[in-house]
Amino acid sequence: MTQTNFEHRQTAHCETGSLTNLLRFHGLDISEAMAFGISEAITFAYIPFVKIGGLPLIAYRRPPGGIIKSLSSRLGIVIKYERFRSSEKGMKALINHLGRGQPVGLQTSVYWLPYFPAEMRFHFNAHNLVAYDYSIGEGSGEFSISDPTFETTVKADYESLEKARFVKGIMAPKGLMYYPTSIPDDVNLKAAIVAAISANCRTMLKSPFWLVGVRGIQHVSRKIAKFDARNERKNLLFLGHMVRMQEEIGTGGGGFRFLYAAFIQEAAQILSIDALEPISKEFTAIGDRWRMFALNTAKMVKGRKAVNYQLLSNELAEIAELEKVAYSELYSLITKI
Amino acid sequence: MRTSDVPQDDTVTLGGWRKALYSVDSRGSYQVTASTGWEAEEAVLVQALDEHARLAADALDRVRCGLCSPIEYYMHHCRMDLAVLASYMGIARWRVKRHFKASIFLSLSADMKTKYSDIFDIDVAEFRSIIDGPL
């Protein structure tokens, strides 16, 4: 078995991380922040009719899979996706790829990945990682994995990875395996950055759907203000859930806002637009405010601070206002180009 | 967030791993910083885990009293909800809910029980032992 030389880099988010690590293997080196920005991944969405464990879907980034699709189409990269009806075929195809020294991205369920700390194992079916090697050891063999949310590469046994890839249910991966088949020699980053920022600003500011973007944040702010004090346990579960989506699931902090600030900073250099620098700082400040919201919520959950819905609601209203200003400035700046 | 403000709270839930956060260094440039965890983040994670544990403990009491089946207990024990379990089983939610009844559970086919036990990653015999006695 040949040893594939795969450079693992830890990133904040799994989808941007797997994609950038894969692309670098194929000779295209772009940062996680750049990938996040170009795929217009930042958002806010509150979807009360989709429930996870009885709690509404709250997202700070676009739905899983969207980052890969959007980035590849903006940069003219061709990604091949393979899904499988049978897990046996899916595992065989994976081993074949690895045998040819071809690392592949996989969609998996966090719950079945053996290297995840027990406390972090939840039924989330859209976790991305890169498998880059397979060795026949004891039993059915072992896979070498570059999971971008971990510091180093990890291992997974055949049975666990099979379960993680072929779990059923919401967002079932169906063994999804992906890899780039064609990357242009010179990608046009500048055009991609401008197009992505402008599209992203429109979503955040002008989405016709009132639960998405800045209006989505305002909606949740009003919802929290109206919480019934008698349902404290349920209310706190809602708030805790929101903070988990904001911080825990690999966002780089502040519900991806720091990651976006890093992208704007990098964009300022690539486009040579100094005026983008202060906007990057604005997003950093917005991320800090989200962190403050998380801290206050956590204190209330732990009983270290009196439960105060109005306080949290006001914080969100202020964040919405700050985001509105930042995206508006960004939009007017980028549309002038 | 400045690099010096990146929390390093050594949280147990990260299991010794460090996670990547984005922070601004002293020159104002963004960089990836490894964090040993944040207390606030851990608090809401523990809250979610406690909620599953609370529902599981509650179901276990009812299993022991013959008021519900082990399916309901294991569902919470494995951090699932009705929607997740039904989708893993590939059957309708109302059928899973029906299997929560102790009497219905006893009449389930061996195949069905095995399917459940595979999803919960346990031995079929454990359904019996959880009804009978203390763990």
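Note: hydrogens, waters and symmetry copies are ignored here, and every other heavy atom, side chains too, is used. Small disclaimer: the values here were computed from a predicted structure and weren't measured. Order of the sequence lines sets the chain letters (A, B, ...), proteins ahead of strands, with each chain counted from 1.
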Quick one, A:M120 with B:L14, criterion side-chain contact (heavy atoms from CB on, under 4.5 Å). Give me CA distance, side-chain angles, the key distance, then yes/no. CA-CA 7 Å; A:M120 308 290 279; B:L14 268 184; 4.2 Å; yes

Is the positively charged end of B:R79 above the ring of A:Y111, judged by distance under 6.0 angstrom from the centroid and angle within 45° of the axis? no

Near B:K113 NZ, under 6.0 Å, is it more than 12 heavy atoms from other residues, nucleotides or ligands? yes

Contacting moiety of A:T284, where chain B heavy atoms sit under 4.5 Å: both

Report, as yes or no, whether the 6.0 Å neighbourhood of atom NE2 on A:H8 holds more than 12 heavy atoms from other residues, nucleotides or ligands. yes

Kindly indicate, with the supporting measurements, whether the criterion salt bridge (charged side-chain N to carboxylate O under 4.0 Å, His left out) is fulfilled by B:E51 and A:R233. CA-CA 10 Å; B:E51 178 65 7; A:R233 197 178 58 83; 2.9 Å; yes

Evaluate the ring planes of A:F150 and B:W17, with Trp represented by its six-membered ring, and classify them as parallel (under 30°), tilted (30 to 60°) or perpendicular (over 60°). perpendicular

Shortest non-hydrogen contact from A:V301 to B:V44? CG2-CG1, 4.5 Å

Considering only heavy atoms, which portion of A:L55 lies under 4.5 Å from any heavy atom of chain B: side chain, backbone, both, or neither? neither

Options A:A118, A:A33, A:G54, ranked by heavy-atom pairs under 4.5 Å with chain B, top entry: A:A118

Residue, of A:E247, A:Q10, A:R244, A:R291, that accumulates the most heavy atom pairs under 4.5 Å with chain B: A:R291

What closest approach, in Å, do A:H123 and B:C78 show between heavy atoms, and which atom pair accounts for it? NE2-O, 2.6 Å

Side chain, backbone, both or neither: which part of B:E42 has a non-hydrogen atom closer than 4.5 Å to chain A? neither

Residues, nucleotides or ligands: over 12 heavy atoms within 6.0 Å of A:M292 CE: no

So what's closer than 4.5 Å to chain B heavy atoms on A:T251: side chain, backbone, both or neither? neither

Given the rule in the side-chain contact (heavy atoms from CB on, under 4.5 Å) test, do A:L236 and B:Q47 qualify, once you have shown the distances and angles that lead to the verdict? CA-CA 9 Å; A:L236 287 178; B:Q47 179 202 25; 3.7 Å; yes

Do other residues, nucleotides or ligands put more than 12 heavy atoms under 6.0 Å from B:R98 CZ? no

Chain A contact via B:R2 - which portion, at a heavy-atom distance below 4.5 Å: neither

Neighbour count above 12 (heavy atom, 6.0 Å) for A:E7 CD: yes

Would you mind telling me which of A:G240, A:G17, A:G252 has the largest number of heavy-atom pairs within less than 4.5 Å of chain B? A:G252

Over 12 non-hydrogen atoms of neighbours within 6.0 angstrom of NZ in A:K51: yes

Between A:N296 and chain B, which part of the residue has a heavy atom less than 4.5 Å away: side chain, backbone, both or neither? neither

Hey, what do you get for CG (B:D5) to CG (A:D288), rounding to the nearest 0.5 Å? 8.0 Å

Identify the heavy atoms of B:S87 and A:K168 that sit nearest to each other, and give their distance. O-CB, 3.6 Å

If I measure from the heavy atoms of chain B, does A:E151 come under 4.5 Å with its side chain, its backbone, both, or neither? both

In terms of heavy-atom contacts, B:L21 and A:G253 come closest through CD2-N, 3.7 Å

Heavy-atom proximity to chain B below 4.5 Å, by part of A:A261: both

If you count heavy-atom pairs within less than 4.5 Å of chain B, which of A:E119, A:H13, A:Q246 leads? A:E119

Looking at B:D121 and A:K163, does any basic side-chain N land under 4.0 Å from a carboxylate oxygen? yes

Under a 4.5 Å cutoff for heavy-atom pairs, which residue among B:V46, B:L49, B:V32 has the most contacts with chain A? B:L49

Structural part of B:D118 lying under 4.5 Å from a heavy atom of chain A: backbone

Toward chain A, the part of B:L82 with a non-hydrogen atom under 4.5 Å: neither

Is A:R304 close to chain B through its backbone or its side chain, or both, or neither, when contacts mean heavy atoms under 4.5 Å? side chain

Give, as side chain, backbone, both or neither, the part of A:F263 having an atom under 4.5 angstrom from any heavy atom of chain B. neither

CE on B:M1 to CH2 on A:W290, rounded to 0.5 Å: 15.5 Å

For chain B, the option from A:L237, A:T297, A:L239 that forms the most heavy-atom pairs under 4.5 Å: A:L237

Among B:G16, B:S29, B:A34, which residue forms the greatest number of heavy-atom pairs with chain A at distances under 4.5 Å? B:S29

Decide yes or no on side-chain contact (heavy atoms from CB on, under 4.5 Å) for B:K19 and A:T149, but give the supporting numbers first. CA-CA 7 Å; B:K19 64 186 288 178; A:T149 53; over 6 Å; no

Under 6.0 Å from the NZ atom of B:K115, do we count more than 12 heavy atoms belonging to anything else shown? yes

When you look at B:Y30 and A:E266, which way does the side-chain contact (heavy atoms from CB on, under 4.5 Å) test go after all the steps? CA-CA 9 Å; B:Y30 258 97; A:E266 209 179 322; over 6 Å; no

Mind listing the closest non-hydrogen atom pair of B:T13 and A:P117 along with its distance? O-CB, 3.7 Å

